[in-house]
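The structure appears below as structure tokens.
Chain A is the first sequence line, chain B the second, and so forth, proteins listed ahead of strands; every chain is numbered from 1.
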Amino acid sequence: MLPHKQIESALQFAVRAVLPDADVSTVLVRPCDPKFGDYQSNALMALAKTRKLNPRQLATDVLAKLDVSEICEKVEIAGAGFLNFRLKNSRLVHSLESAARGEHLFFEKCGGDASSQPRTIVIDFSSPNVAKPMHVGHIRSTGIGDALQRTLRLLGHRVISDNHIGDWGTQFGKLLLGWKQILNRAELERDAIAELERLYKVINAECDANPTRLEEAKMELVKLQAGDAENIAIWKEMIRLSQIQFDTIYARLGVKFDFALGESFYNPWLGEVVNDLLAKEIARESEGAVGVFSDGSLPPKEDPFLVNRDGEWVADPALVRKSDGGFNYTTTDLATVDYRLKTWAPQEIIYVVDDRQSGHFKKLFLILMRWKSEDVKKTKLVHVGFGKIMGDDGKPFKTRSGDTVKLGELLDEAEERAYKIVSEKSAELPEAQRKDIARVIGLGAVKYADLLPNRQSDYIFSWDKMLALQGNTAPYLVYAYARIKSIFRKSEAESAIRNPQSAIVLVAPEELTLAKHLLNFGITLEAVAEELRPNYLCNYLFELAGKFTSFYENCPVLKADDAVTKNSRLALCDLTARVLKQGLETLGIETVEQM
RNA sequence: GCGCGCGUAGCUCAACUGGAUAGAGCGUCGGUCUCCGAAGCCGAAGGUUAUGGGUUCAACUCCCGUCGCGCGCACCA
């Protein structure tokens, strides 16, 4: 068991001894400023407050019942009622040595004890549209979603990743019309997505200017929806061509899905969904359409089904059937949740979708609480939102000519820029190797830059910053990894291969700092899983690389004074490399041995 | 107009969801390679956390007001 878990468990035991009815689930420890200790708990102050107890007295009482003498130095009460824990050197060494033997890597899979059972989690991300190029806007959903699925899997949860592809909707009327009338076969052969995009743009412009064209497009859509054989065949061909594009991009990014059930998959159930909502009086007709309206259970200000117009609260329903009989994405999303609940019975469904859709998800989740209240009680529905990617000018990121940036081209540019840098810095490496390094660094830089910023705030896209070796970037982290690997290449050349059984001795402050930070890998992974924020892991790895570098500067490894120190330091190097590699992999980023 | 989100060093971003003296990188200035990768490291300067109040042992974090920016407001997704 990791030491912080041992401390927590002992502390919870002690709290229960003093306050038998206390909820100890919030009694936790966390890493803290080294001047106070290695871990601290502030939980007693909160407990004291709700019970109107003197916090320092409570801390004293708990301390009397607390036994962590095996793993900690004397526990101190500090400030208003903090408990500060300092790990015994022997306990720290014990963790490192067992990790060095390969028994763990500073994290625990859930299922080890009753408090952390594996959950079934559906995660819905990426969701590109058929007949459109994937663009810069898909980076965020794809990268964040993939990092989250990797983290949750690493911790032992049952993850079901599902790519909810946009393969149905009104745009197909226009696409079908274009395909039948203005398709350029040669261009389709050359670049299918570009040609499909052209069809849409041309017809769309015509429809804007000419109502009869719009009617024609609608007719094609109606035929498709009615199952017309020709239109179905063309539609399927458009999906096939798009899937080739998706597969290419995902292979490049190393992103995998368990399922890719597109919107069209749910078509058979849309009518039933609406009928059921009507029958249960959750939805009603209005102006020829069917929508879900406010049920009045929330105050108007908090009710997403109400909107204030000129001082009056008026209905802002979620439409589930249009007046022409067609369905909306709310309908599809409801059918999708229903399917997921029935098929996988997940404890959690996570949507990694642009923050601008937060209003939609608010409504969606409220409808589900009314419609599937029994199931939804057991399932946590979460919208993981994110902000936009901006250019240097602070406006949405576009090409110089003002078009959206295509994802494939963006990745090409990342690799090209990385290749230039690698060739400059490491001209001696063979070209094929430089290409591979450029691929890892370029793609890693884009992904990392996207995962690093926090919250739903927008971030500014900057090639120079993400590809820089200095600062919190993927190249810096991979460089730290490559430097460690370089030590081992030299070490093997000297036939001084590390023995996994050799003892670890921690003397220098840099050794201790590094060792203690390694222990926090698991806490960080759990924080990512809990808050669904991969940037915690980014910052952890950056700190790890920094602490390693300061160790590297101050503690000679191969030139250590004696064999024991040398072996111990080799072990620290190896563990750092393994955590860096695992951490980056969890973010979806590869490593290279040399760069 | 109404709702949602945001505002932290000159710039780009953190701050473990209420914890102890708000941290990094860039940029600026100054150190550091006869020594395991200098694409590195160390140091200095830089802050009334937009602003005014409130809550408490403790506020960047929670509540209210103001200003500024972004986004969303029934048959697109």
Side-chain angles (χ1 to χ4, degrees), chain A residues 30-33 35-36 40 42 45-46 48-49 55-56 78-82 127 129 166 169-171 263 286-291 301-302 304 306-324 326-330 332-333 354-360 362 385 387-388 390 394 421-422 424-426 452-460 462 464-465 468-473 475-476 479-480 482-487 489-491 520 523-524 527 530-531 533 535-536 538-540 542-543 546 549-550 552-560 569 573 594-595:
Chain A
R30 56 183 209 175
C32 68
D33 191 319
K35 69 177 167 246
F36 299 122
Q40 75 171 203
N42 56 29
M45 289 183 281
K49 178 155 205 160
R56 286 193 66 111
F82 294 97
S127 315
N129 290 311
T170 50
Q171 73 271 28
E263 291 171 1
S286 169
E287 298 174 29
V290 176
K301 264 192 84 161
E302 293 163 31
L306 293 177
V307 63
N308 193 307
R309 289 242 161 77
D310 304 322
E312 294 259 335
W313 289 102
V314 298
D316 185 24
L319 295 191
V320 291
R321 194 170 72 200
K322 299 189 282 183
S323 52
D324 67 3
F327 302 105
N328 300 71
Y329 75 141
T330 300
T332 312
D333 282 354
D354 191 328
D355 235 351
R356 280 173 290 194
Q357 292 197 38
S358 62
H360 165 66
K362 240 175 230 168
K388 297 186 297 297
M390 313 297 255
I421 297 169
V422 172
E424 194 180 303
K425 306 281 186 186
S426 305
L452 180 62
N454 181 24
R455 298 184 184 171
Q456 294 90 330
S457 57
D458 304 335
Y459 79 91
I460 294 182
S462 161
D464 292 338
K465 285 198 171 109
L469 263 295
Q470 59 274 50
N472 195 348
T473 66
Y476 175 83
Y479 175 70
R483 282 215 294 193
I484 300 174
K485 287 295 159 176
S486 163
I487 294 173
R489 277 194 298 277
K490 282 216 162 52
S491 144
N520 293 338
I523 300 177
T524 307
E530 181 66 27
E531 308 284 339
R533 290 193 180 184
N535 65 306
Y536 290 168
C538 296
N539 287 314
Y540 169 82
F542 179 61
E543 280 170 27
T549 311
S550 109
Y552 178 88
E553 297 281 332
N554 291 290
C555 304
V557 178
L558 297 175
K559 292 173 182 163
R569 288 181 178 171
C573 288
Q594 235 182 314
M595 63 186 272

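- Taking atom NZ of Lys425(A) as the reference point, atom P of G37(B) lies 17 Å away to the nearest angstrom.
- Anti is the classification of C41(B), since its glycosidic angle lies more than 90° from 0.
- Rounded to an integer number of Å, the gap from Gln357(A) CD to C76(B) P is 15 Å.
- The nucleotide whose nearest atom lies closest to any side-chain atom of Ser457(A) is, among A14(B), U17(B), C76(B), A14(B).
- Residue Lys559(A) has its side chain nearest to C35(B) when only A77(B), U17(B), C35(B) are considered.
- Nearest nucleotide to the side chain of Tyr476(A), out of G70(B), G40(B), A77(B): G40(B).
- Contacts of Ser286(A) with the nucleic acid, taken as non-hydrogen atoms under 4.0 Å apart, include base atoms.
- Closest approach to the Ala482(A) side chain among A15(B), C36(B), G37(B) is made by G37(B) (side chain taken as heavy atoms from C-beta onward).
- Closest to the Asn308(A) side chain, of the nucleotides A77(B), A14(B), C2(B), is C2(B).
- Taking the side chain of Pro453(A) as heavy atoms from C-beta on, and the options C36(B), A14(B), U17(B), the nearest nucleotide is A14(B).
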Check the interface with nucleotides 18-24 of chain B: list each N/O to N/O pair with the protein under 3.5 Å, or write none.
from: G19(B); atom 1: O2'; to: Gln40(A); atom 2: OE1; distance (Å): 3.4
from: G19(B); atom 1: N7; to: Asn42(A); atom 2: ND2; distance (Å): 3.2
from: A20(B); atom 1: N7; to: Gln40(A); atom 2: NE2; distance (Å): 3.1
from: A20(B); atom 1: N6; to: Gln40(A); atom 2: NE2; distance (Å): 2.5
from: A20(B); atom 1: N6; to: Asn84(A); atom 2: OD1; distance (Å): 2.7
from: A20(B); atom 1: N6; to: Asn84(A); atom 2: ND2; distance (Å): 3.3

### Message
Pairs counted only when both distances fall under 3.5 Å, Watson-Crick or G-U: show me the 5' to 3' dot-bracket for RNA chain B, [ ] for pseudoknotted crossings and | for other-strand partners.
### Response
(((((((..((((.....[...)))).(((((.......))))).....(((((..]....))))))))))))....
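- Here the nucleotide nearest the side chain of Tyr552(A), chosen from G3(B), G72(B), C36(B), is C36(B).
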